[in-house]
Amino acid sequence: MIEPVYFQILASMLFCVGIYGVLARRSAVLVLMSIELMLNAVNLSFIGFARSLDSMTGVVFIFFIIVVAAAEAVVGLSIILAIYRTRKSLNIDDFNLLKW
C-alpha cells in the first residue's frame, strides 16, 4: 500500500505548479487550466487521506470538487469566449471591462 505522505508530496507539487501557472501566465485559458490543476491536486490529497483512513468521506468531497470544477470550466470558458468576441484577445491584461 502506498503511504499517504507520497500522495501529499505529489499533491503539493501539483498545487505549486498550478499556483505558478495562475501567477505567471497571461492567457485566460492557461489560467483556467492551472486552476483545474490545483483542484485536481486537492482531489489527490483527499484520495490519500481517504485511503489511509478507510473512509468514504474523502470520496464524497472529491465528487463535489469535480462538480464544482466542471461548472467552473463551463462558466469560465463561456465568459472567456464572450470577452474574446468583443476584445479579440485572450490576454488577461486586456480584460479591463470594469474600468470607466
Side-chain angles (χ1 to χ4, degrees):
M1 185 170 163
I2 300 174
E3 294 184 24
V5 68
Y6 296 120
F7 283 105
Q8 300 308 315
I9 291 171
L10 180 61
S12 64
M13 288 190 308
L14 284 174
F15 196 82
C16 289
V17 169
I19 287 176
Y20 173 75
V22 167
L23 296 177
R25 301 293 179 189
R26 292 292 167 225
S27 174
V29 175
L30 291 177
V31 169
L32 282 178
M33 288 174 57
S34 298
I35 292 171
E36 293 291 331
L37 187 64
M38 290 191 307
L39 288 172
N40 286 330
V42 172
N43 282 342
L44 185 62
S45 178
F46 276 131
I47 288 172
F49 282 127
R51 283 191 66 186
S52 67
L53 298 175
D54 288 332
S55 173
M56 289 298 290
T57 308
V59 177
V60 173
F61 280 122
I62 290 169
F63 176 72
F64 285 117
I65 291 173
I66 290 173
V67 169
V68 168
E72 177 257 334
V74 169
V75 172
L77 286 175
S78 63
I79 289 171
I80 289 172
L81 183 64
I83 292 174
Y84 178 75
R85 287 183 180 174
T86 59
R87 299 289 176 147
K88 301 294 186 215
S89 173
L90 289 178
N91 193 352
I92 293 178
D93 295 331
D94 295 339
F95 290 178
N96 55 0
L97 298 176
L98 296 178
K99 289 186 180 178
W100 287 91

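Reckoned from all heavy atoms, side chains included, excluding hydrogens, waters and symmetry mates.
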- Task: Would you please name every residue forming a side-chain hydrogen bond (donor to acceptor under 3.5 Å, both in side chains) with S45, sequence neighbours left out?
- Result: Q8
- Exercise: identify the closest heavy-atom pair between G76 and L32: C-CD1, 3.8 Å
- Query: Going only through I, L, V, M, F, W and Y residues with side-chain contacts under 4.5 Å, is there a path from L10 to Y20?
  - Reply: no
- Query: What pair of heavy atoms forms the shortest contact from G18 to L37, and how long is it?
  - Reply: N-CD2, 3.9 Å
- Message: S89: which residues meet the side-chain hydrogen bond (donor to acceptor under 3.5 Å, both in side chains) condition with it, sequence neighbours left out?
- Response: D94
- Query: Are V29 and Y84 joined in one hydrophobic group, where the rule is that I, L, V, M, F, W and Y side chains link up if heavy atoms are under 4.5 Å apart?
  - Reply: yes
- For A69 and E36, work out which heavy atoms get closest and say how close. O-OE2, 3.1 Å
- Please report the shortest heavy-atom distance between L39 and I65, naming the atom on each side. O-CG2, 4.0 Å
- Item | Shortest non-hydrogen separation from P4 to G48 and the atoms involved | CB-O, 4.1 Å
- Item | Hydrophobic cluster identity match, F7 and M13, side-chain contacts under 4.5 Å | yes
- Note on the structure: V31 and G21 have their tightest heavy-atom pair at CG2-O, 4.4 Å
- Query: Could you go step by step and tell me if I92 and R25 meet the side chain to side chain contact (heavy atoms under 4.5 Å, CB included) rule?
  - Reply: CA-CA 9 Å; I92 293 178; R25 301 293 179 189; over 6 Å; no
- Would you say the side chain of L14 lies within less than 4.5 Å of the side chain of M38, judging by non-hydrogen atoms? no
- I62 pairs by side-chain contact (heavy atoms from CB on, under 4.5 Å) with which of T57, N40, V42, N43? N43
- Message: Are L81 and M33 connected into the same hydrophobic cluster when the rule is that any two of I, L, V, M, F, W, Y join if their side-chain heavy atoms are below 4.5 Å apart?
- Response: no
- Query: Would Y6 and V17 show up in the same hydrophobic cluster when neighbours are defined by side-chain heavy atoms closer than 4.5 Å?
  - Reply: yes
- Query: To the nearest 0.5 Å, what is the distance between CZ (F61) and CD1 (I47)?
  - Reply: 14.0 Å
